[in-house]
Amino acid sequence: MKINWKEIETKWREKWNENKDFETDPNDKPKKFITVAYPYPNSPQHIGHGRTYTLADVHARFYRMQGFNVLFPMGFHYTGTPILGMAKRVEANDKELINNLKNLYDVPEETIKEFVEPIKIANYFHQEIKAGMVEMGYSIDWRREFTTIDPAYSKFIEWQINTLREKNLIIQGSHPVGWCPKDQNPVSQHDTLGDVEPDFTEYILIKFNFGDYVIPTATLRPETIFGVVNLWVNPEIIYKKVTVNNEKWIVSKECAYKMEFLDKKITYDGEIRGSELIGKTVTVPHRGESIVMLPASFVKSETGTGIVMSVPAHAPFDYQALVDLKKSKIEPELSIKVNAITPISIIETEGYGENPAKETVEKFGILNQNDSNLDDATKEVYGKEFYGGKLKSNTEQFAGIKVAYAKDTIKEWLIKNKHADILLELTNTPVKCRCGSECVVKVLNNQWFLNYGDKDWKELATKCFDSMNILPQEIRSEFNYVIGWLRERACARQHGLGTKLPWDKDWIVESLSDSVIYMAYYTISKFVNDKTIVSNSLTKEFFDYVFLDEGDLDKVSGITKISPDIINKIKKEFHYFYPVDSRHSGRDLVPNHLTFFVLNHVAIFPQSNWPHEIVVNGSVLMNGSKMSKSMGNIIPLRKAITDYGADPIRLAIIISAELLQDADFNMESISGIQNKIETLFEECSKLKSEKLDILEAEDRWIKSKTQNMISHVTIAIEKMRLREALHDILFAFESDLNWYMKRVNAKNRKNISGILHEVNSSRIAMLSPFAPHIAEEIWEKLGHLGMVSTSRWPEFSPSNIDATAIQSEEYLKSIIDDIAKILKVTKITPQKITIYTADLFKSKVYHTILEKIVSGQTNMGIIMKELISDLDTQEVKKNPDFVQKTIKDILSEPTEIRRTKLESKNFNEKNFLVNELAGIGKREFNVEIQIFSESDSNIYDPKNKAKHARPFKPAILIE
RNA sequence: GCGGGAGUCGCCCAGCCUGGUCAAAGGCGUAGGGCUUAGGACCCUAUCUCUUAGGAGUUCGUGGGUUCAAAUCCCACCUCCCGCACCA
């Protein structure tokens with residue numbers, strides 16, 4: 001039967017809406033506060049976004065059915081720069097973007113025109129995303145919705161950031177950023193052409209003395225200063241003479257330009273040709289030795305300072321340039337100097353001899369200094385020396401130190417002695433701003449930072465993490481690690497949407513800093529939205545009183561002009577819902593948002609309001625590969641809902657992967673799920689609730705199995721192992737139902753509708769958090785009154801598990817299995833099957849052995865001795881084989897079954913088989929099955945098989 | 001490099017936390033059968049090796065160890081993937 005998903009989903013969404021089922025206010029019940037990272041509305045959400053929200057919704061719905069008063073709210077994060085960047089691109093008529101908006105996102109053309117205003121973009125996608133969330137059936141309390149640029153929210157952020165500053169957690173300092181010189185703005189990935197992240201490294205500038213001048217050379221390996229034998233200058237380049245903070249430097253034009261942004265004072269004094277420098281000498285800092293400047297074509301003016309120090313023992317470029325120079329025609333005077341140069345080896349590395357550069361150049365078969373393989377050769381030498389090398393005795397006080405460690409030590413030593421400086425440079429040049437101009441690195445020296453490097457703060461956060469539930473458990477160590485390396489983090493920027501820094505209105509609170517404690521704001525936004533309070537009254541005193549229980553009610557009321565009753569009502573609401581019981585997010589937010597979320601909570605709130613749980617999920621793949629605009633494999637969520645229905649999408653996302661794994665979304669999984677649900681729907685539609693007075697063995701069994709399933713599913717969801725839970729409900733349980741149907745059909749029973757109704761009602765109830773719409777529909781078809789989403793979660797009670805029933809069905813299955821195996825091996829067509837169960841004596845021995853094994857004794861010799869020493873069982877010595885096999889039988893069973901058997905000592909195998917095996921056996925194998933106990937007097941045993949019978953392992957004769 | 005995760009029977013993937021129901025679920029593929037005018041869809045059966053009695057042998061990256069018992073616990077190694085920041 002085909003399901004009209006859309007019709008059913010609309011029907012139930014309307015009912016939830018009418019009943020206000022998900023509007024949550026404080027009441028007498030215990031609460032759960034479930035939150036998810038709110039979306040950034042710069043595009044419609046796709047299936048990947050849907051995963052996190054769906055997981056959280058399942059969580060919320062599950063708790064609701066378990067009797068909690070669940071608050072699941074949602075907001076929209078307008079703060080940030082990407083939307084601003086988009087607006088600029090729309091204004092610039094960027095074809096790629098407009099094409100994406102039009103075709104990928106289906107934005108109407110008139111709307112796109114309005115997108116030159118950033119707020120219009122945010123508003124549009126806000127509504128788009130919200131509509132998708134509603135269509136997905138998320139059980140959100142929409143009365144609390146807000147955006148992060150609402151005036152009231154800004155008041156809240158001001159309070160947050162002021163509070164942090166009062167606690168001395170916000171500091172000012174300098175910081176390098178990617179920078180557009182034209183826009184006078186920092187650039188991030190979203191602001192560049194081709195979406196490249198500006199990536200920069202720190203070079204050490206070693207300052208060589210050249211008369212009155214300083215010639216700085218840029219290097220990543222300051223330790224090689226001990227191996228410098230000459231400098232490389234490109235004779236083609238015209239260098240600049242500049243004054244840098246009162247020193248006279250000679251550097252390339254490009255270098256001088258870069259330094260203008262690096263917090264240095266630069267004045268231009270003149271020029272000098274590279275060729276003029278050739279043959280002249282400079283002195284090496286610290287050592288005071290004179291070395292010569294030589295020509296090299298590999299030296300580029302745009303890299304570093306345009307002059308390079310030469311370490312031919314360890315740098316392949318330098319070694320090769322020297323070789324080239326020796327081969328070329330140069331003035332005799334210079335030639336003498338060149339020939340006098342010997343590489344100085346300063347690093348000892350396993351696998352290398354005196355000159356690693358030479359060895360590597362030869363290994364790579366380098367032809368000349370413009371050979372492209374030189375980059376790889378350099379990488380290889382640097383890599384090996386950096387991690388495996390040690391400084392030799394000619395490096396003075398650094399002798400014996402590992403290179404990896406020496407790098408920083410020597411850098412600091414050089415800078416301290418004014419022999420060196422720092423140059424920051426983009427590594428992935430050219431990086432172009434969307435305005436077209438080339439970006440640089442800029443040092444901002446009035447930047448505001450959250451001091452996440454603070455030890456006490458970290459300690460507090462660690463304490464919080466230690467007491468938190470982190471799901472899945474594997475991700476916990478990652479949080480500890482992040483806390484470890486976290487340093488100061490810029491918390492303000494100069495453009496974008498958001499809240500201004502209260503004490504420095506040039507800055508806007510950065511988007512990862514204004515989204516860390518906003519869960520608290522959900523308890524207030526409700527009152528803002530219904531106009532109970534207005535943003536102007538949200539002062540420091542108000543927040544201090546409501547959130548921190550600080551200050552005097554009457555005073556607060558006086559200042560805010562809000563009545564004491566209302567203030568207290570809001571405060572009560574906050575303290576009812578807080579702390580956050582569960583925070584959901586994708587794993588990409590682990591090293592930033594989720595960690596900051598904890599850091600900011602512990603900084604601002606008392607321990608009683610620290611969050612309880614974090615749930616982290618992996619991303620969604622589309623047919624096995626990452627979703628990306630360039631691949632064109634992004635499926636907008638709303639389109640998917642239209643095409644397949646919300647419930648199938650929810651189920652497909654959840655069934656395809658466990659929490660932290662990437663979920664692979666594909667059409668097969670969707671249609672598989674649809675089929676499954678359609679079948680379930682059809683079956684359930686036929687069932688009627690009816691009472692069955694006498695339960696048969698298989699009825700008791702399936703009811704027990706249902707209890708087991710309830711237990712498993714409940715435990716799995718508590719740990720957010722939703723894939724496992726859903727799999728149990730939909731698939732794993734199916735094999736139990738199949739067995740049940742087999743048993744029932746063998747007996748030609750017609751009175752099972754009631755049992756199936758009961759069993760499936762539990763299944764549908766448990767399915768309801770996962771596929772809420774269709775579950776309501778089936779619930780209604782099953783004849784239940786009321787909504788399944790507000791019904792009680794099926795209760796697990798161990799007393800409803802009939803251990804004997806479970807064990808005896810297993811017994812029955814194993815006999816049928818054995819018969820099938822024999823038939824398969826022997827390939828005979830059975831005429832008659834005879835079963836012999838073990839006698840009382842064997843049963844007694846069996847239980848004695850079972851007891852011993854359960855109590856831990858598994859040694860055959862000891863068990864045998866103990867059996868013989870007992871009068872009742874001593875006869876067993878005639879049949880040691882039986883004891884050995886029995887031990888093996890028992891050991892190959894799960895421990896629960898062993899215990900069950902211990903509990904049901906009086907289980908009568910023969911009686912059970914006479915009642916239950918004949919029918920199903922006839923059905924399966926199409927022959928009569930006869931059952932004896934081996935001690936029966938009238939036994940039919942032509943092949944003498946009966947004596948092989950063991951308890952729970954009857955002997956079988958097939959003829 | 002630092003940190004994290006993973007390696008399972010042709011492929012994808014479950015099981016590992018909590019050792020015994022594990023020759024190991026499910027899906028795909030393959031083979032046979034049913035249904036159908038045919039195809040598709042769907043359903044059934046088989047799918048490590050050997051075996052004419054329910055059995056045995058060899059398997060879960062490699063090599064060790066603990067245990068009566070290891071895919072599961074411990075140690076070492078190999079290979080692959082992800083993150084390392086001012087960006088939502």
Side-chain angles (χ1 to χ4, degrees), chain A residues 37 39-42 77 79-83 175-178 186-191 195 197-198 383 386-387 404 444 447-450 452 472-482 484-493 496 510-513 515 587-593 595 618-619 624 655-658 660-662 664 666 668-669 671-672 675 719 721 723-724 727 730-732 734-735 810 813-828 853 856-860 862 887-888 890-898 943 945 948 953-958:
Chain A
Y40 184 70
N42 68 334
H77 197 196
T79 320
T81 51
I83 287 178
H175 183 70
V177 293
V187 284
S188 62
Q189 191 175 347
H190 314 281
D191 308 314
D195 277 347
E197 177 76 34
F386 185 79
Y387 297 116
L444 294 176
Q447 174 72 271
W448 293 99
F449 293 94
L450 273 161
Y452 287 141
Q473 198 51 242
E474 299 99 279
I475 205 89
R476 180 184 285 278
S477 49
E478 215 160 308
F479 280 110
N480 290 333
Y481 180 67
V482 172
W485 61 248
L486 220 52
R487 304 196 306 262
E488 307 77 39
R489 186 180 180 101
C491 64
R493 35 168 49 245
E510 192 267 335
S511 53
L512 274 171
S513 304
S515 58
R587 75 172 306 171
D588 51 331
L589 298 189
V590 168
N592 41 68
H593 166 74
T595 308
S619 59
I655 201 80
S656 70
E658 210 47 88
L660 205 53
Q661 249 131 33
D662 289 344
D664 189 9
N666 51 55
E668 293 89 82
S669 64
S671 62
N675 285 339
K719 295 182 185 165
R721 297 173 67 144
R723 192 204 68 88
E724 188 179 310
H727 190 268
L730 286 182
F731 298 101
E734 203 80 332
S735 63
E810 290 306 318
K813 278 192 215 174
S814 78
I815 294 171
I816 290 175
D817 226 41
D818 279 348
I819 297 172
K821 272 186 192 165
I822 296 168
L823 290 177
K824 190 190 160 196
V825 173
T826 60
K827 299 188 181 81
I828 51 181
I853 289 178
Q857 181 53 264
T858 53
N859 185 300
M860 158 90 183
I862 295 171
I887 292 173
K888 232 179 136 183
I890 295 172
L891 280 177
S892 70
E893 281 169 349
T895 36
E896 306 136 49
I897 292 279
R898 293 179 204 166
K943 292 262 173 71
K945 286 271 184 192
H948 296 296
K953 195 76 185 166
I956 299 168
L957 170 67
I958 301 179

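Side chains are part of it too, since the values below use all heavy atoms of this structure and drop only hydrogens, waters and symmetry mates. Residue numbering restarts at 1 for every chain, and letters A, B, ... go by the order of the sequence lines.
Note on A:Leu823: nothing from the nucleic acid sits closer than 4.0 angstrom, heavy atoms only. Counting any heavy atom pair closer than 4.0 Å across all strands shown, A:Tyr481 reaches a base atom. A:Leu957 comes within contact range of at least one nucleobase, with a heavy-atom separation under 4.0 Å. As judged by a 4.0 angstrom heavy-atom cut-off over every strand, A:Arg723 is placed among residues touching the sugar-phosphate backbone only. Residue A:Glu488 is classed as a base contact, given a heavy-atom separation below 4.0 Å to a base. Among the protein residues, A:Pro41 comes within range of no part of the nucleic acid, since none of its heavy atoms lies under 4.0 Å from any strand. Within 4.0 Å of A:Arg721, counting heavy atoms only, lies at least one base atom of the nucleic acid.
Interface remark: the A:Lys821 side chain does not form any donor-acceptor pair with the B:rU52 base, using a distance-only criterion of under 3.5 Å.
The nearest whole Å value for the distance from the CD atom in A:Glu893 to the C1' atom in B:rA69 is 15 Å. The CG atom of A:Asn592 sits 9 Å away from the P atom of B:rC84 (whole-angstrom rounding). The CG atom of A:Leu891 sits 11 Å away from the P atom of B:rA69 (whole-angstrom rounding). Here the P atom of nucleotide B:rA88 and the CG atom of A:Leu512 are 6 Å apart, to the nearest Å.
Across every strand in view, B:rA38 sits unpaired, with no contact that passes the Watson-Crick or G-U test at under 3.5 angstrom.
Residues A:His948 and A:Thr79 both approach RNA chain B. Their nearest nucleotides, taken by heavy-atom distance, put A:His948 toward the 5′ side.
For the OP1/OP2 pair of B:rA88 and a distance below 4.0 Å, the side-chain nitrogens and oxygens of A:Thr81 include at least one atom meeting the criterion. Contact annotation: A:Arg493 reaches the phosphate of B:rA88 (side-chain N/O to OP1 or OP2, under 4.0 Å). Contact annotation: A:Lys888 side-chain N/O to B:rA56 OP1/OP2 distance is under 4.0 Å.
The gap from the P atom of B:rG64 to that of B:rA24 amounts to 26 Å, rounded to the nearest Å.
The residues A:Glu478 and A:Arg587 are annotated as salt-bridged, a charged nitrogen and a carboxylate oxygen being separated by less than 4.0 angstrom.
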